[in-house]
Visitor: 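I am attaching a structure below and will ask some questions about it afterwards.
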Amino acid sequence: MILIVDDQPENIYSLRKLLESRDFKVDTAESGEAALKKILQNEYRLIILDVQMPGIDGFEVAETLSGYSKTKDIPIIFLSAANTDKEFITQGYASGGVDYVTKPVDPDILMLKVKTFSKLYEQQRSLNRTQDALRLEIETRKKAQTELKEQVDQLHKTLESLPQIAFTATSEGEIDFVNKQWFQYSSSMKQFPPTYEGERICEKWAVYRKNGSPFELEVRIKALQSEVFRYHLLRIIPIKEKDSVVSWVGTFTDIDDQKQIEKRKDEFLSIASHELKTPLTSVKAYIQLLDRSIEKKPGESASIYISRVQDQLKKLDSLIADLLDISTIENGKLKLNRKVFDFEQFLDHVIQTVHHTHDRASPVIERVGDAIDVLVTADEIRIEQVLINYLTNAIKYSPGSDRVIVTTEKGDNHVKVSVRDFGIGVPEDKKHSVFDKFYRVEESSVKFQGLGIGLYICSEIIRQHGGTYGVESHAGEGSTFYFTIPLD
Ligand code: ADP
């Protein structure tokens, strides 16, 4: 909007007509005081200001406007009838005008000036806006940078205070900070400590770096001053912002003592289970001899006791077999004996076996799903061990329930077997641990006997077959344990 200020209404009228005929929006004021009021309240892109007015004259209006940041840049064209002297014109410019026009006014020239000045004003305003936005952006960035630096400093202080070796790396994997512990193991900040295994940590990590996923590796490293390599757990975690990795934080934690204890425990298990096996085999043989040598009469106590001893011996045998399996797995010696077999027959046989070895009050095992009418290549005895384990667990952890369902699914290149029970279920936060070695859900461990190794052995057997395993469950609503094995 353009403001015309003149004490003569006829002057205002003719100028207003002229400007409105060129599509300009116009406002008017008939005195300096009225003009100042309006200018402070409204937005004008140009002021056409009469110089000679009673009260505050045009020059005084202009000088006042130049004192306010809001108004100082509005262009002013002075209009004057009388004062064409150089002195007046100079005063006009000095008080903040951009032009000085004397009456009578040439309408075309005035219009050209109005157009040019209002356009210039608009451009300047837009430039000012851009400048303000830029200034704000710079300030925001500076603030963000300062905050980031503070965070990084804080992180470095935290990493310095850790007893572990700690470091950070850029998103490309270049190490950019190490704590003082690092230099006890590596002479260069840019190089990982050399490992006993000769493994190149950088290369192993590269795959995980590409995916942006956390990386874990057990390695043996040694302090520069020492001759002894110790087991360390290397963990490198991505720091993400909006799904993209901005840096990595890593630590090496000394787990050697833990490893040695585990090793001694595994050695003990291996020796103990082997040692137990020999006398157990003899006891089994003598019981068989005893069984054959006594004269059996149905219902007689001696034969009932012998049969109970045999049941208990079977349990003992299976416990020792599990313990032996653990040490075989730990030594990396679990070998598969793969053969082609008929999966349908296999399933029937396993379900029958479990059925016969449980009493009549046990849940009924139902079979649903796809018929597996293909030959499968796998270690039949080991897969049977897995399925028997799932089924006996399903029965064991479902007191009072009346059925267990075995479901089979034939995929394009795998077979999936699921065992569903309606028992106590596994709490959400324990589901990821049930396949761990010696893990038992605490809430149920007193009520149900066990060693917590069955599912661990199952997971290793399935892993060696290249299959997958898992559990879906809700506490109190039962569980579905499943495994898959590849078809080729
Ligand atoms: P064990 O049964 O000898 O304790 P497992 O390795 O077979 O050892 O199972 C580990 C743990 O997983 C069990 O102690 C139990 O807490 C839980 N678990 C396994 N199967 C089931 C099931 N069908 N329902 C509920 N919990 C189960």
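When a ligand or atom number is given, it counts from 1 through the structure's own listing order.
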Visitor: Would you please name every residue forming a side chain to side chain donor-acceptor pair (under 3.5 Å) with Q464, sequence neighbours left out?
Guide: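 Once residues adjacent in sequence are excluded, Q464 has no partner under the side chain to side chain donor-acceptor pair (under 3.5 Å) criterion.
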Visitor: If the condition is side chain to side chain donor-acceptor pair (under 3.5 Å), which residues does E442 pass it with, not counting sequence neighbours?
Guide: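 Checked E442 against side chain to side chain donor-acceptor pair (under 3.5 Å); zero matches.
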Visitor: Testing the 3.5 Å rule here: is there a donor-acceptor pair between the side chains of D27 and Y44?
Guide: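 Looking only at side-chain atoms, Y44 and D27 do form a donor-acceptor pair, the distance falling under 3.5 Å.
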Visitor: Donor-acceptor pairs are to be reported for all side-chain atoms of residues 365-377 against protein atoms at under 3.5 Å, with residues two or more places apart or in another chain.
Guide:
{"unit_1": "E366", "atom_1": "OE1", "unit_2": "R403", "atom_2": "NH1", "d": "3.3"}
{"unit_1": "R367", "atom_1": "NE", "unit_2": "T408", "atom_2": "OG1", "d": "3.3"}
{"unit_1": "R367", "atom_1": "NH1", "unit_2": "E344", "atom_2": "OE1", "d": "3.1"}
{"unit_1": "R367", "atom_1": "NH1", "unit_2": "E344", "atom_2": "OE2", "d": "3.4"}
{"unit_1": "R367", "atom_1": "NH2", "unit_2": "E344", "atom_2": "OE2", "d": "3.0"}
{"unit_1": "R367", "atom_1": "NH2", "unit_2": "D370", "atom_2": "O", "d": "2.9"}
{"unit_1": "R367", "atom_1": "NH2", "unit_2": "T408", "atom_2": "OG1", "d": "2.8"}
{"unit_1": "D370", "atom_1": "OD2", "unit_2": "K410", "atom_2": "N", "d": "2.7"}
{"unit_1": "D373", "atom_1": "OD1", "unit_2": "K410", "atom_2": "NZ", "d": "3.2"}

Visitor: Between Q385 and D325, do the side chains contain a donor N or O and an acceptor N or O under 3.5 Å apart?
Guide: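 Yes, because at least one side-chain N or O of D325 sits under 3.5 Å from a partner of the opposite role on Q385.
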Visitor: Near ligand 1, which protein residues have a heavy atom under 4.0 Å away?
Guide: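 The answer is N389, N393, A394, K396, Y397, D421, I424, G425, V426, V434, Y439, R440, V441, S444, G450, L451, G452, I453, G454, L455, S479, F481, counting any residue whose heavy atom sits under 4.0 Å from ligand 1.
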Visitor: Can you see whether F448 has K396 sitting over its ring - NZ or CZ less than 6.0 Å from the centre and within 45° of the normal?
Guide: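 Geometry flag: not set, cation outside 6.0 Å or 45°.
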